[in-house]
Amino acid sequence: MARIGVRALVRGRVQGVYFRQGTALQAERLALAGWVRNLADGRVEAWIEGEEAAVRELTDWLWQGPGQARVEGVELEEVALQGFVAFRVVR
């Protein structure tokens with residue numbers, strides 16, 4: 001299977017609702033690498049690398065997020081692999 005990289009920007013009520021931690025848990029479950037962080041403008045940004053099917057599963061999850069989130073939109077951009085070996089929350 002092909003490995004791909006995706007940068008995601010998630011907007012809505014996505015900060016302060018366990019979104020980063022939830023994304024990291026989903027990424028670890030799917031054996032993905034990369035990172036997730038809050039942006040100053042209220043969005044959440046994620047860099048996701050791994051097997052294409054797993055990356056697509058996580059990007060689908062981003063549309064709902066954890067229970068308290070209210071996702072209004074998700075922008076996805078395919079990016080070059082950076083070779084991350086784990087997934088982490090950037091603070």
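None of these values were measured; they are calculated from a predicted model.
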Residue pair Gln26, Gln21: steps toward the side chain to side chain contact (heavy atoms under 4.5 Å, CB included) verdict
CA-CA 9 Å; Gln26 293 297 321; Gln21 292 79 3; over 6 Å; no
Can you tell me which residue among Val36, Thr23, Leu62 is in a side chain to side chain contact (heavy atoms under 4.5 Å, CB included) with Val10?
Leu62
Looking at Phe19 versus Trp63, is the centre-to-centre ring distance below 6.0 Å?
no
When you measure from the side chain of Arg13 to the backbone N and O of Gln68, does any donor-acceptor pair fall under 3.5 Å?
yes
Does the side chain of Val6 reach to within under 4.5 Å of the side chain of Val79, using non-hydrogen atoms?
no
Using modelled atom types and a 3.5 Å cut-off, is there a donor and acceptor pairing between side-chain atoms of Gln15 and backbone atoms of Leu39?
yes
Worked verdict on Leu58 versus Leu32 for side chain to side chain contact (heavy atoms under 4.5 Å, CB included):
CA-CA 9 Å; Leu58 181 58; Leu32 296 171; 3.7 Å; yes
Below 4.5 Å, heavy atoms only, C-beta onward: do Leu76 and Glu78 meet side chain to side chain?
no
Determine whether Val74 and Leu9 make a side-chain contact, defined as any pair of heavy atoms from C-beta on separated by less than 4.5 Å.
no
Distance from Leu30 atom CG to Ile48 atom CD1, nearest 0.5 Å?
10.0 Å
Least distance between heavy atoms, Val90 atom then Arg20 atom:
O-NH1, 3.2 Å
Approximate separation, where rounding is to 0.5 Å, of Glu45 CD and Arg11 CZ
15.5 Å
Glu28 and Phe87 have their tightest heavy-atom pair at OE2-O, 3.9 Å
Would a 4.5 Å heavy-atom cut-off, applied to side chains only, mark Glu51 and Val55 as touching?
no
Are Glu49 and Trp47 linked by a side-chain donor-acceptor pair shorter than 3.5 Å?
yes
Heavy-atom pair of closest approach, residues Val89 and Ala24
CG2-CB, 3.8 Å
